[in-house]
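Chain naming here is simple, since letters A, B, ... match the order of the sequence lines and numbering starts at 1 in each. Because the structure is a prediction, the values reported are computed rather than measured.
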Number of protein chains: 2
Amino acid sequence: MARLPLYLRALSALSERGVPTVSSEELAAAAGVNSAKLRKDLSYLGSYGTRGVGYDVEYLVYQISRELGLTQDWPVAIIGIGNLGHALANYGGFASRGFRVAALLDADRAVAGQRIAGMVVRHMDDLEQIVRDDRVSIGVITTPAPAAQGVCDRLVAAGITSILNFAPTVLAVPEGVDVRKVDLSIELQILAFHEQRKSATDAGPTLPPTAPPPAGTAARGDRGGDLPEVMPA
Amino acid sequence: MARLPLYLRALSALSERGVPTVSSEELAAAAGVNSAKLRKDLSYLGSYGTRGVGYDVEYLVYQISRELGLTQDWPVAIIGIGNLGHALANYGGFASRGFRVAALLDADRAVAGQRIAGMVVRHMDDLEQIVRDDRVSIGVITTPAPAAQGVCDRLVAAGITSILNFAPTVLAVPEGVDVRKVDLSIELQILAFHEQRKSATDAGPTLPPTAPPPAGTAARGDRGGDLPEVMPA
DNA sequence: AGGCTTTTGTGAACGTGTGCACAAAGCTGA
DNA sequence: TCAGCTTTGTGCACACGTTCACAAAAGCCT
């Protein structure tokens, strides 16, 4: 379930505040979901609540952590040290939860060799060796879009089966490989879509009539692969 | 529909390669979805395909762009110029699609005043004025988690109804305000979950039996608000 | 000890989104 | 002009996730 990390976050906050138990109602509110949904999700990992009382916070934190595999170490490699890769390398949110940034890689020899976040950036040539030696289990792709599929193929060939893709491309991977995609432009476009609907309903028809057959009138084009370029420094 | 941006991206790539028409089958493959689903999505904006031929690429690009509201200008403000905010400010993917970074803001007076990506970072004190003067329509929150709700409240009070949240918090907003969340830790945790299941089925039971009532044994805690701190420079 | 309150766990209805399969529609070539 | 081929648009069934509502269970108070 994709909601477990959400619950874990809310529970951890409660744990720090010393709250011993929590009801499904309270926890659901903190996580922003329906209480029945939360109870069903939790019952999926086995019933560990007490009727009339609620759930033991510490115990539930432990259970979810174990279910998510957060009790073990997950070495992560970041490929493509542009703006985004640079930011992720310095991002503190990884280390705290078993996700250890094990390696940074870039195709540009001017970038490889630099020290970023206390690590030396390695060159793409060493990818396979690094994955093998450091037992990397998750690859994070922050390259420009045209390079993403190639990097992905090499990661898969090296044995990686979990990829987090920030490049605006649909990656083709064989069965058994998990890819999750984070696309900032798409998020913004969805917001813009809803924003437009709001202002449209404020004044005017929801779907203004369209000129039927105009050809060759492309609006602002989606120029494809505009991910962060390699950062100057 | 959240898939329209995906189609738009695929169509734009075809457009650049000079492809005049495309069938639902081809486009679906490029976008990584089912062809029937794609046809249904497109029929939702009005039937603009030709049976036996396919869809006119340029025309479809125009239609989707208009439906998404990409034919107009969307000024974006980025609040919290830490690692992530810095990267986003330099990110080229915004400008190309009607999303113009109109303002950068930070609560730290040492950060305000700096020039980043050709813009001067403003102080949070000026938030309301900036939103009003620059007609900001989308707010991007890249602050540490504890500050996110406060920033969110101020954005909403200033009239913003679309927010993209990178802070690891569930934001409470009134009816009518859209919030989309991007949480890197959660994406990684979901990957770790699946990765664990894979190795678990390789050798051993899928769900190893649990010690029933151990209290006070929290595993690696989710330390909550570990978003990028404000960047040194 | 027993009834009352609280809260879990879950059965069942509901709504939504997905995918199949096919008829209608348009193009092509003879 | 007409048969045949291709591809769209959509009715229908199905599966999934969500939500309601309630019975069973646990604690608490008198």
Side-chain angles (χ1 to χ4, degrees), chain A residues 1-7 10-11 14 19-64 67 170 175 181 186 190 193-194 197 207 210 212-213 215, chain B residues 1-7 10-11 14 19-64 67 170 175 181 186 190 193-194 197 207 210 212-213 215:
Chain A
M1 294 292 181
R3 283 184 297 267
L4 288 181
L6 221 60
Y7 303 155
L11 283 166
L14 292 171
V19 179
T21 61
V22 64
S23 73
S24 65
E25 208 72 48
E26 297 170 287
L27 186 53
V33 301
N34 184 290
S35 69
K37 197 192 305 189
L38 180 134
R39 287 200 295 277
K40 259 209 176 112
D41 288 346
L42 293 187
S43 76
Y44 166 76
L45 358 157
S47 343
Y48 288 117
T50 311
R51 296 177 190 227
V53 177
Y55 298 91
D56 183 279
V57 172
E58 297 299 324
Y59 185 46
L60 208 49
V61 165
Y62 170 73
Q63 286 297 339
I64 296 180
E67 181 72 12
V170 179
E175 189 78 15
K181 189 181 170 191
I186 285 184
I190 293 171
F193 172 72
H194 288 124
R197 304 282 279 203
L207 212 141
T210 321
Chain B
M1 296 291 183
R3 282 185 297 268
L4 287 181
L6 220 60
Y7 303 154
L11 282 166
L14 292 171
V19 180
T21 62
V22 65
S23 74
S24 63
E25 209 72 48
E26 297 169 288
L27 185 53
V33 300
N34 184 290
S35 69
K37 199 192 304 191
L38 180 134
R39 286 200 298 276
K40 247 186 193 138
D41 288 345
L42 293 186
S43 75
Y44 166 77
L45 3 153
S47 343
Y48 289 116
T50 310
R51 298 178 189 225
V53 177
Y55 298 91
D56 182 277
V57 172
E58 297 298 325
Y59 184 47
L60 209 47
V61 165
Y62 170 74
Q63 285 298 340
I64 295 181
E67 180 73 12
V170 179
E175 190 77 16
K181 189 181 169 191
I186 286 184
I190 293 171
F193 173 72
H194 288 124
R197 304 282 278 205
L207 211 141
T210 321

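- OP1 or OP2 of C:dG9 lies within a sub-4.0 Å distance of a side-chain N or O belonging to A:Y55.
- Counting distance only, with no hydrogens placed and no angle test, the side-chain atoms of A:R51 and the base atoms of C:dT7 include no donor-acceptor pair under 3.5 Å.
- To the nearest 0.5 Å, atoms CD1 (A:I186) and NZ (A:K181) are separated by 4.0 Å.
- Within the structure, a side-chain polar atom (N or O) of B:N34 is placed less than 4.0 Å from OP1 or OP2 of C:dC20.
- To the nearest angstrom, P of D:dT10 lies 12 Å from CG of B:L42.
- The separation between A:D56 atom CG and D:dG27 atom C1' is 16 Å, rounded to whole Å.
- Remark: A:R39 is not in phosphate contact with D:dT18, judged by side-chain N or O atoms under 4.0 Å from OP1 or OP2.
- Between the OH atom of B:Y59 and the P atom of D:dT8 there is a distance of 16 Å, rounded to whole Å.
- Taking atom CG of residue A:D41 and atom P of nucleotide D:dT18, one finds them 8 Å apart after rounding to whole Å.
- Remark: P of D:dT10 and CG of B:L38 are 14 Å apart, rounded to the nearest angstrom.
- Nearest to the side-chain atoms of A:S24 among the listed nucleotides D:dT19, C:dT8, D:dT10 stands C:dT8.
- Counting distance only, with no hydrogens placed and no angle test, the side-chain atoms of B:K40 and the base atoms of D:dT8 include no donor-acceptor pair under 3.5 Å.
- Atoms NZ (B:K37) and C1' (D:dC16) sit 13 Å apart, rounded to a whole Å.
- A donor atom on one side chain and an acceptor atom on the other are not found under 3.5 Å apart for A:Y62 and A:E58.
- For the pair A:Y44 OH and D:dT18 P, the computed distance is 14 Å after rounding to whole Å.
- Put simply, the side chain of B:L45 reaches to within 4.5 Å of the side chain of B:L4, judged on heavy atoms.
- Checking side-chain atoms of B:S23 against main-chain N and O of B:E26 turns up a donor-acceptor pair under 3.5 Å.
- Residue whose closest nucleotide on DNA chain D sits further toward the 5' end, between A:M1 and A:V53: A:M1.
- Atoms CD (A:E25) and P (D:dT19) sit 13 Å apart, rounded to a whole Å.
- Toward the 5' end of DNA chain D, the nearer of the two residues B:A36 and A:T50, judged by each one's closest nucleotide, is B:A36.
- Between A:L11 and A:Y55, the closest side-chain pair of non-hydrogen atoms is not below 4.5 Å.
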